[in-house]
Protein chains: 2
Amino acid sequence: MLNYEQQEKWSKIVPNWQSPINIDTLHTIEVNAQEKILSFDDEYRFINIVNKGNNLQYDGKGKAIIEGRTFDFQQLHFHFPAEHTIDGKSLPMELHFVHQNMIGQIAVVALYVELGEFSKELDSFFQDFPVNESEKDPFSATLSLNNLIASLGSGVYHYLGSLTTPPLVKNVEWWVIEKPITVSVEQLDKLKKRFNHGNAREIQPTNGRKIIHYVLR
Amino acid sequence: MLNYEQQEKWSKIVPNWQSPINIDTLHTIEVNAQEKILSFDDEYRFINIVNKGNNLQYDGKGKAIIEGRTFDFQQLHFHFPAEHTIDGKSLPMELHFVHQNMIGQIAVVALYVELGEFSKELDSFFQDFPVNESEKDPFSATLSLNNLIASLGSGVYHYLGSLTTPPLVKNVEWWVIEKPITVSVEQLDKLKKRFNHGNAREIQPTNGRKIIHYVLR
């Protein structure tokens, strides 16, 4: 029986559901979405770029409707190589679009990048970077996540995890877009030369989590 | 700069958002819901009742649509006095309808109970209890949460908190229905005589959380 006179002694041991994970496509749950699950403002507007040492953070504004709930877009950053793997396969890069809603829930839309055609949409993101760590510069650009994702005709993997950098906040909703966009070798090299150590967290154990695979409409 | 060679040393310190809390109605965020935020199967069907020592757990089945997402109803239990307070005011009892969705998110709908008219809907829940701790008995009943809430013409408070018993799992979505339902003195006494110690967790600090007040449709 729970002792309500000694609440400070109650156990707080809970499963540790961290990110990134490997997505094992043989064990995802297939769901045909009845309605549009992910939609975004036509344009996310970017206003600042911050040199985070081993990352670049592009601060911006915009609204997303995720499973019917409104989230504010906060910032975009990247990881290379990609953090999430699919059936053990690693891609060169992963973009994280971080969102938060009014009560504080966090939803990250992850977009894979592979080498291929030059990306016109992303090119301005590969230009001038702040030189020093913690330096924040004005950065003016727009990006349509709707268009980027729609052009892929892709599904999305959805599961509950964490941020992949400290403080590794848990209960983050992950929306990992299945198919990658492309950038050219020259575009990726601009980032790689500048941030040459790589910044992907190690794959974390799934610990019994369920991963849904939605076919996007 | 983050050290990706020593990921095991990364900080995991995050805000501790626990439940229950006091709801300070002067500082809630008023939102007029555009669509129906909470809807439930016409009937939740109960199948078992478990004596949890200082609580009763009524296991059941049913579906809820919460902000457009599907959750499975899992179980109902009670706390007296009520755990959440509104502007410091405590009510005699609070019912917790616990739900979970496919990826593991937890949503609890909390329904206040005050003393007043006899409750026909809840009466079968106040009858025979399993005598011994951990005893589980078959229990057959149905309950329409839709009807219970609709009859109140009530708003709902929404915030991010935790379970109120160990392991105090965080990132639980709370939906605290503003107005109470009633039970008779005799009905409440049946529970109180059997579970006479009370089982309300202490009020937890809000720690900067935002509480939304939705007007339900």
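Here is how names work: the chains are called A, B, and so on, in the same order as the sequence lines, proteins then strands, and each is numbered from 1.
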How about [X]: does its [atom1] atom have over 12 heavy atoms from other parts shown lying under 6.0 Å from it?
X: Asn207(A); atom1: CG; value: yes
X: Lys192(B); atom1: NZ; value: no
X: Gln127(A); atom1: CD; value: yes
X: Asp42(A); atom1: CG; value: no
X: Glu5(B); atom1: CD; value: no

- Task: For Phe73(A), check ring pair (Phe, Tyr, Trp, His ring centres under 6.0 Å) against everything at least two apart and list the hits.
- Result: Tyr44(A), Phe46(A), His99(A)
Portion of [X] that has a non-hydrogen atom of chain B nearer than 4.5 angstrom:
X: Thr164(A); value: backbone
X: Leu163(A); value: neither
X: Asn51(A); value: neither
X: Arg209(A); value: neither
X: Ser134(A); value: neither
X: Leu160(A); value: both

How close do [X] and [Y] get, counting heavy atoms only, and between which atoms?
X: Ile103(A); Y: Lys210(B); value: CG2-O, 4.2 Å
X: Lys170(A); Y: Asn171(B); value: O-ND2, 4.0 Å
X: Ser11(A); Y: Pro166(B); value: O-CB, 3.5 Å
X: Met1(A); Y: Glu133(B); value: N-OE2, 3.0 Å

- Note on the structure: d(Gln105(A) CD, Glu67(B) CD) to nearest 0.5 Å is 7.5 Å
- Message: Keeping Glu202(A) on the side-chain end and Gln7(B) on the backbone end, is there a donor-acceptor pair under 3.5 Å?
- Response: no
- Item | Pairs involving residues 6-36 of chain B, ordered by first then second residue, that meet ring-ring contact (aromatic ring centres under 6.0 Å, His included) (sequence neighbours left out) | Tyr4(B)-Trp10(B)
- Query: Quick one: of Ile13(A), Leu2(A), Asn55(A), who has the most non-hydrogen atom pairs under 4.5 Å with chain B?
  - Reply: Leu2(A)
- In terms of heavy-atom pairs under 4.5 Å with chain B, which of Gly68(A), Gly53(A), Pro167(A) leads? Pro167(A)
- Query: In terms of heavy-atom proximity below 4.5 Å to chain A, should Thr165(B) be classed as side chain, backbone, both, or neither?
  - Reply: both
- Note on the structure: One option among Asn199(B), Val31(B), Ile211(B), Val169(B) has the most heavy-atom pairs under 4.5 Å with chain A, and it is Asn199(B)
- Which of the residues Val14(B), Leu168(B), Asn54(B) is involved in the greatest number of heavy-atom pairs with chain A at under 4.5 angstrom? Asn54(B)
